[in-house]
Protein chains: 2
Amino acid sequence: MFTIGEFSRITGLSIKALRLYHDRELLVPAQTDPASGYRIYSDADVERAKVIRTLRDLEFGLDDIQAMLTDYDDDASLVSFLEARQQEITLRRTHLKHISRELTHIIQQEKEIAMTLQSNEFDVETKTLNTELIASIRFQGKYSDVGPYFGRIARNFGRYLCGKPLCLYHDGEFKAEDADIEVGFPIRQGQSKDGVTVSELPGGKAVTLIHKGPYDTLSASYQKIFAYTQQNKLQTLIPSREVYLKGPGMILKGNPQNYLTEIQVLVKE
Amino acid sequence: MFTIGEFSRITGLSIKALRLYHDRELLVPAQTDPASGYRIYSDADVERAKVIRTLRDLEFGLDDIQAMLTDYDDDASLVSFLEARQQEITLRRTHLKHISRELTHIIQQEKEIAMTLQSNEFDVETKTLNTELIASIRFQGKYSDVGPYFGRIARNFGRYLCGKPLCLYHDGEFKAEDADIEVGFPIRQGQSKDGVTVSELPGGKAVTLIHKGPYDTLSASYQKIFAYTQQNKLQTLIPSREVYLKGPGMILKGNPQNYLTEIQVLVKE
DNA sequence: CTTGACCCTCCCCTTGGGGCAGCGTTTATC
DNA sequence: GATAAACGCTGCCCCAAGGGGAGGGTCAAG
């Protein structure tokens with residue numbers, strides 16, 4: 001016969017838990033001293049407590065445990081309970097897996113951006129771009145209309161995205177109203193569908209500059225780029241490209257002063 | 001401007017949740033009609049609500065979300081939060097994985113037993129046993145001492161177990177007190193360690209009988225077996241074996257009347 | 001007799017809302 | 001203008017499985 005403290009140490013169940021189980025009639029001590037109210041547990045109670053602990057470790061609810069202990073005396077009859085629990089846990093696990101993947105994705109994105117921020121001095125550079133596979137939508141409209149198009153591509157190709165969103169400007173001049181804009185994402189693979197075109201974006205020699213700040217100050221960076229191309233007698237090609245290295249985040253909108261946009265202009269070699 | 005009901009439909013957050021977030025000052029509506037107390041939400045509130053929803057979908061707590069929205073305006077600064085959450089989720093996932101494995105194990109065991117129960121008529125049979133790799137402990141003592149030895153083997157070889165527990169009786173006669181008993185489990189692989197010996201249990205022609213009932217009635221089944229061997233002029237070998245197909249379950253003790261024990265006695269061929 | 005360890009009951013707290021009662025407001029319809 | 005349906009408000013209790021603590025009784029040793 002054990003006091004509740006001893007019993008707690010034996011079974012690994014907290015005193016609070018034991019009192020709760022007594023209340024719920026899940027584990028009623030063999031005796032209760034009527035005078036003092038002290039609970040006195042027996043060896044048989046130890047057995048039952050161990051069973052309860054096992055089931056709690058499997059994260060069954062107290063009500064389930066109650067039912068299992070009341071109605072059954074054999075593991076075989078518990079199989080349906082176990083299978084139900086198994087299924088719940090599987091569901092929960094896949095859900096957590098999704099969350100985990102999502103988090104990993106966001107974290108990785110942010111880390112890449114942090115590296116770009118550190119390593120770059122935001123000067124005009126000349127580099128060779130690789131040909132990329134992109135999923136894109138081309139439309140006529142205003143720049144501010146791009147949001148939903150990005151959303152549509154992301155929904156259709158979410159699993160295959162492998163880079164930052166970008167815009168191609170097919171006009172040779174600036175147009176506020178009726179611009180010929182193509183929005184897209186680099187993807188690993190995929191087929192055109194639902195109005196989204198999968199195509200190869202050709203690479204080549206390009207003059208690039210990373211612009212830091214809100215989108216409405218991009219023109220200053222364009223000026224730098226074109227100053228550079230003229231100075232170096234480079235002939236620019238259209239479409240020009242903007243790669244949105246860091247814009248509004250996955251969660252927060254962020255400070256536009258910290259947005260990073262790489263402007264890429266292909267030039268004749 | 002939206003009423004709480006409209007806002008709820010827009011954001012996918014329940015009215016109850018919205019009122020709670022207001023209480024907690026996590027999402028305070030743009031205005032509150034002083035006369036009626038009606039909450040009136042703005043477009044800016046929609047943005048904030050979406051952020052909150054995203055974070056809730058990642059199963060952040062309201063307090064965490066509060067902190068994230070109060071102190072930061074950029075995803076980059078959330079990375080430490082995200083990583084902490086990531087780690088919690090990983091922990092939780094591995095825990096659930098353990099539970100899931102445990103459940104699968106129990107369920108599978110019980111299903112095997114259920115099949116044995118259906119397909120067998122509990123008659124004396126002659127069959128050929130395969131050689132098995134077992135992890136075992138041999139000791140001198142009483143039958144009732146076996147429990148802890150099984151526990152020790154299971155702890156050391158838990159991952160490699162691939163069959164039912166068994167006992168080998170090395171005495172040629174019945175001994176109550178100082179029997180020479182070897183307890184073991186079939187395993188897939190492993191090395192001797194911590195007093196547990198890994199060895200090959202030789203197979204061969206055997207006379208077997210599945211005994212149904214508590215262990216103290218095993219003698220009746222032994223009697224049947226030896227009656228059979230004598231009748232068929234078979235010479236029995238020691239050690240004899242008991243394989244505990246169904247004993248006390250992983251969770252419940254079960255009804256001893258339903259215990260199943262296969263007695264195996266090798267015979268000379 | 002005291003002291004410290006142990007035990008009791010009772011109440012509040014946790015998370016993220018759900019449900020309901022009781023009452024007020026808005027809006028459309030008659 | 002009246003009325004009813006739909007919508008909104010606050011306030012209270014509820015969930016699971018205990019944890020924390022207050023206030024008070026009990027037990028064993030010194």
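What you see below is based on every heavy atom in this structure, not just the backbone, and it leaves out hydrogens, waters and symmetry mates. In this text the structure is predicted, and so the values were computed from the model without any measurement. Here is how names work: the chains are called A, B, and so on, in the same order as the sequence lines, proteins then strands, and each is numbered from 1.
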When rounded to whole Å, the CG to P distance for the pair D33(A) and dC27(D) reads 7 Å

Whether R56(A) contacts dA17(D) is assessed here as follows: a side-chain N or O lying under 4.0 Å from the phosphate OP1 or OP2. Is that the case?
yes

Next item on the list: May I ask you to decide whether E83(A) forms a salt bridge with K111(B), counting only side-chain N to carboxylate O separations under 4.0 Å?
Entry: yes

D57(A) atom CG is separated from dG18(D) atom P, nearest whole Å, by 11 Å

Ranking A35(B) and L62(B) by the position along DNA chain C of their nearest nucleotide, the one closer to 5' is L62(B)

Legend entry - Residue-phosphate contact under 4.0 Å: R19(B) side-chain N/O, dT10(D) OP1/OP2: no

May I ask you to verify if any side-chain N or O of T3(A) is less than 4.0 angstrom from the OP1 or OP2 atom of dC6(C)?
no

Q) Around K212(A), counting heavy atoms of other residues, nucleotides and ligands shown, do more than 12 lie under 6.0 Å from its NZ? A) yes

Taken to the nearest whole Å, CZ/R24(B) to C1'/dC13(C) is 12 Å

- Indicate yes or no: does R9(A) engage E6(A) in a salt bridge with an N to O separation below 4.0 Å. no

- Are K193(A) and F157(A) in a cation-pi contact, defined as NZ or CZ under 6.0 Å from the six-membered ring centre and within 45° of the axis? yes

Have a look at Y21(A) and say if it touches a base, only the backbone sugar-phosphate, or nothing, with a 4.0 Å heavy-atom cut-off. sugar-phosphate

Q. In terms of side-chain heavy atoms, does D57(B) have a donor or acceptor partner in T54(B) at a distance below 3.5 Å?
A. no

Whole-Å distance, I4(B) CD1 to dG24(C) P, equals 19 Å

L26(A) atom CG is separated from dA16(D) atom P, nearest whole Å, by 13 Å

In whole angstroms, the gap separating P of dT26(C) from OH of Y38(B) amounts to 6 Å

note: K16(B), atom NZ; dC20(C), atom P; distance rounded to Å ~ 11 Å

- Please check the phosphate of dG19(D) (OP1 and OP2 only) for any side-chain N or O of S14(A) closer than 4.0 Å. yes

To the nearest angstrom, the CZ-P distance between R39(A) and dT9(C) comes to 4 Å

